[in-house]
Undergrad: 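Right, I'll just put the structure down here and ask away after.
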Protein chains: 2
Amino acid sequence: MNIEKAINKLKEKGYKRTKQRERILEIFAEQDQGYIPAKVILKEIQKDFPGVSYDTIYRNLYLLADEHVLESTELEGEKHFRFHCDTHGHHHHFICTACGKTKALEFCPMDKISQSLDGYAVDDHKFEIYGKCPGCL
Amino acid sequence: MNIEKAINKLKEKGYKRTKQRERILEIFAEQDQGYIPAKVILKEIQKDFPGVSYDTIYRNLYLLADEHVLESTELEGEKHFRFHCDTHGHHHHFICTACGKTKALEFCPMDKISQSLDGYAVDDHKFEIYGKCPGCL
DNA sequence: AATGTAATTCGTAATGATTATGATTTGAGG
DNA sequence: CCTCAAATCATAATCATTACGAATTACATT
């Protein structure tokens, strides 16, 4: 996922290209595949656009997540976001609890489940490993 | 895990038996292994003890979680709690997003990981399946 | 049963993340 | 350059969670 690709995707849906939205995308691009919370985006973007409020941040984050430009997870009570990685198929992540950086995990536990879930409707699942990355150790 | 066992565990650590704490444990016992958030506990306990505040709820929830009487997880931005199930060893859950009830999953993905995480320190992990239970379908 | 003391609760307020709103501005097609 | 929906801005409201001083309570000990 890169910025131009994301902007075009939004354009097709009738969403506009704005400086703030573009900057948000840049911030994620600079982030090197790490999960970051809304407040980090706000702090960063306010260096260029002092007037930006949380409204703008959250509206864009949720829009981008809806469009699968971003993916999100909840870490210690805060929603965190990152670029959606579509380089390989569906997968999960190791997440560094110090810096938010991730490492792709090659397998999905759903593929290995032999247990019957008959009578249950499965909608979603979550698998994450938490710890410290080499850089933070 | 039953109430008396939990109370005794606390007693050994020097924690007191209070009506409010006992009622909280009862609520979890009535809950039939489902995850519930703080506000449900509050609403329920206030039928008997109108004066109870969130302070009491959260203090007790965290105390009970620290003592492994309860286990917790984060569902849509809210911490949810349930009795810690120690009938079988370490395991994960299917969680009904409608009622909070759970079904134990028999395997842990960490046992199946062949991928190397050399250089990474693994502290924790989370695996949950979300959907609807037979009763809610 | 009365006392001492730490644990606990109560009442209330503060915090922090997230969501909402009305007025204003802006991007992009015609 | 006009129009208009999309987006932002400024600000307030909401909701979960945490904090705190004062009052109460459990319980071991006298």
Side-chain angles (χ1 to χ4, degrees), chain A residues 3-4 6-27 35-67 69-70 72-81 100, chain B residues 3-4 6-27 35-67 69-70 72-81 100:
Chain A
I3 297 179
E4 280 306 316
I7 298 262
N8 287 334
K9 191 170 190 175
L10 295 183
K11 191 169 190 174
E12 284 168 21
K13 296 284 190 83
Y15 299 114
K16 294 174 181 170
R17 175 176 201 142
T18 68
K19 299 183 296 291
Q20 295 88 341
R21 183 167 290 162
E22 204 170 341
R23 184 74 191 99
I24 289 175
L25 287 167
E26 277 174 22
I27 290 167
Y35 274 111
I36 49 176
K39 63 169 173 258
V40 168
I41 318 266
L42 183 71
K43 190 179 292 183
E44 187 60 29
I45 205 173
Q46 284 187 335
K47 292 177 187 171
D48 297 305
F49 307 96
V52 166
S53 73
Y54 269 118
D55 175 80
T56 297
I57 304 294
Y58 280 107
R59 199 169 8 77
N60 277 294
L61 289 177
Y62 291 151
L63 170 65
L64 293 168
D66 284 348
E67 298 301 327
V69 172
L70 299 181
S72 69
T73 192
E74 190 123 5
L75 301 173
E76 20 196 328
E78 267 183 277
K79 294 192 181 78
H80 284 61
F81 298 82
Chain B
I3 298 179
E4 280 306 316
I7 298 263
N8 286 335
K9 190 170 190 174
L10 295 183
K11 192 169 190 173
E12 284 168 21
K13 296 285 190 82
Y15 299 114
K16 294 174 180 170
R17 174 175 201 142
T18 68
K19 298 182 297 292
Q20 294 88 340
R21 182 167 292 162
E22 203 169 341
R23 184 73 191 100
I24 289 176
L25 287 167
E26 277 173 24
I27 291 168
Y35 273 112
I36 49 176
K39 62 168 173 258
V40 168
I41 318 267
L42 183 71
K43 190 179 291 183
E44 188 61 28
I45 205 173
Q46 284 188 334
K47 292 177 187 170
D48 298 304
F49 307 95
V52 165
S53 72
Y54 269 118
D55 176 80
T56 298
I57 304 293
Y58 280 107
R59 199 170 8 78
N60 277 295
L61 289 177
Y62 291 152
L63 170 64
L64 293 168
D66 284 348
E67 298 301 327
V69 171
L70 300 180
S72 69
T73 192
E74 190 124 3
L75 301 173
E76 19 195 328
E78 268 182 276
K79 293 192 181 79
H80 284 61
F81 298 82

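Only a predicted model underlies this, so the values are computations on that prediction, with no experimental measurement involved. A, B, ... follow the sequence lines: proteins, then strands. Residue 1 opens every chain.
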Undergrad: Kindly point out which of D:dA5, D:dT8, C:dT19 is positioned nearest to the side chain of A:Lys16?
TA: D:dA5

Undergrad: Do A:Arg21 and A:Leu63 come close enough that some side-chain heavy atom pair is under 4.5 Å?
TA: yes

Undergrad: Heavy atoms only, 4.0 Å cut-off, all strands: where does A:Asn60 land among base, sugar-phosphate and nothing?
TA: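 Sugar-phosphate, backbone atoms only, no base.
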
Undergrad: Separation of B:Glu76 atom CD from C:dT18 atom P, in whole Å?
TA: 14 Å

Undergrad: How many Å lie between OH on B:Tyr58 and C1' on C:dT15, as a whole number?
TA: 13 Å

Undergrad: Under 4.0 Å: is that the gap between some side-chain N or O of A:Tyr62 and OP1 or OP2 of C:dT19?
TA: yes

Undergrad: For A:Lys39 and C:dA17, is the shortest distance between a side-chain N/O and OP1 or OP2 below 4.0 Å?
TA: yes

Undergrad: Look at the side-chain N and O atoms of B:Arg59 and state whether any lies under 4.0 Å from the OP1 or OP2 oxygen of C:dT8.
TA: no

Undergrad: My understanding is that only one of B:Asn60, B:Ile27, B:Val52 makes a side-chain contact (heavy atoms from CB on, under 4.5 Å) with B:Ile41; could you say which?
TA: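 Exactly one option meets the side-chain contact (heavy atoms from CB on, under 4.5 Å) with B:Ile41, and it is B:Ile27.
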
Undergrad: Does D:dC27 have OP1 or OP2 sitting under 4.0 Å from an N or O in the side chain of B:Arg17?
TA: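 So the side chain of B:Arg17 is outside the cut-off, no N or O lying under 4.0 Å from OP1 or OP2 of D:dC27.
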
Undergrad: Indicate, with a heavy-atom threshold strictly under 4.0 Å, whether A:Tyr15 touches base, sugar-phosphate, or nothing.
TA: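 Answer is sugar-phosphate: A:Tyr15 comes under 4.0 Å of backbone atoms only.
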
Undergrad: Applying a 4.0 Å non-hydrogen cut-off, can you work out what A:Lys13 is touching in the nucleic acid: base, sugar-phosphate, or nothing?
TA: nothing

Undergrad: With a sphere of 6.0 Å drawn around CD of B:Glu4, does it hold more than 12 non-hydrogen atoms of other residues, nucleotides or ligands?
TA: yes

Undergrad: 5'-most contact on DNA chain D: B:Pro37 or A:Leu63, nearest heavy atom basis?
TA: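 Going by which nucleotide is closer to the 5' end, it is A:Leu63.
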
Undergrad: For B:Glu67 and C:dA7, what is the distance between atoms CD and P respectively, to the nearest whole Å?
TA: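 My rounded result for the distance is 13 Å.
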
Undergrad: May I ask you to decide whether B:Glu26 forms a salt bridge with B:Lys19, counting only side-chain N to carboxylate O separations under 4.0 Å?
TA: no

Undergrad: Just call it for B:Arg21: base, sugar-phosphate, or nothing, with non-hydrogen atoms closer than 4.0 Å on any strand.
TA: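 Counting heavy atoms under 4.0 Å across all strands, the contact made by B:Arg21 is with sugar-phosphate only.
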
Undergrad: Under 4.0 Å, counting only non-hydrogen atoms across every strand here, what does B:Thr18 touch: a base, just sugar-phosphate, or nothing?
TA: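 Since only primed, P, OP1 and OP2 atoms lie under 4.0 Å of B:Thr18, the category is sugar-phosphate.
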
Undergrad: Mind calculating the distance between CD1 (B:Ile57) and P (C:dT9) to the nearest angstrom?
TA: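 It is 9 Å, rounded to the nearest whole Å.
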
Undergrad: Looking at CZ of A:Phe49 and CG of A:Leu42, how far apart are the two atoms once the value is rounded to the nearest 0.5 Å?
TA: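 If we round to the nearest 0.5 Å, A:Phe49:CZ and A:Leu42:CG are 13.0 Å apart.
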
Undergrad: Separation of A:Glu78 atom CD from C:dG16 atom P, in whole Å?
TA: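 Taking atom P of C:dG16 as the reference, CD of A:Glu78 is at 11 Å.
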
Undergrad: On the nucleotide D:dA26, are OP1 or OP2 found under 4.0 Å from the side-chain N or O atoms that B:Lys19 carries?
TA: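 Checking D:dA26 against B:Lys19, a side-chain N or O does come within under 4.0 Å of OP1 or OP2.
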
Undergrad: Take the protein atom NE2 of B:His80 and the nucleotide atom P of D:dA16, then report the distance between them rounded to whole Å.
TA: 10 Å

Undergrad: Quickly work out the A:Asp55 CG to D:dA13 C1' distance and round it to whole Å.
TA: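 That distance rounds to 13 Å.
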
Undergrad: Should A:Gln20 be listed as having a side-chain N or O under 4.0 Å from OP1 or OP2 of D:dC9?
TA: yes

Undergrad: Expressed in angstrom and rounded to an integer, what is the separation of A:Ile7 atom CD1 from D:dA7 atom C1'?
TA: 13 Å

Undergrad: It should be established whether B:Thr56 places a side-chain nitrogen or oxygen under 4.0 Å from OP1 or OP2 of nucleotide C:dC10.
TA: yes

Undergrad: Side-chain contact, heavy-atom cut-off 4.5 Å: A:Leu25 with A:Val69?
TA: yes

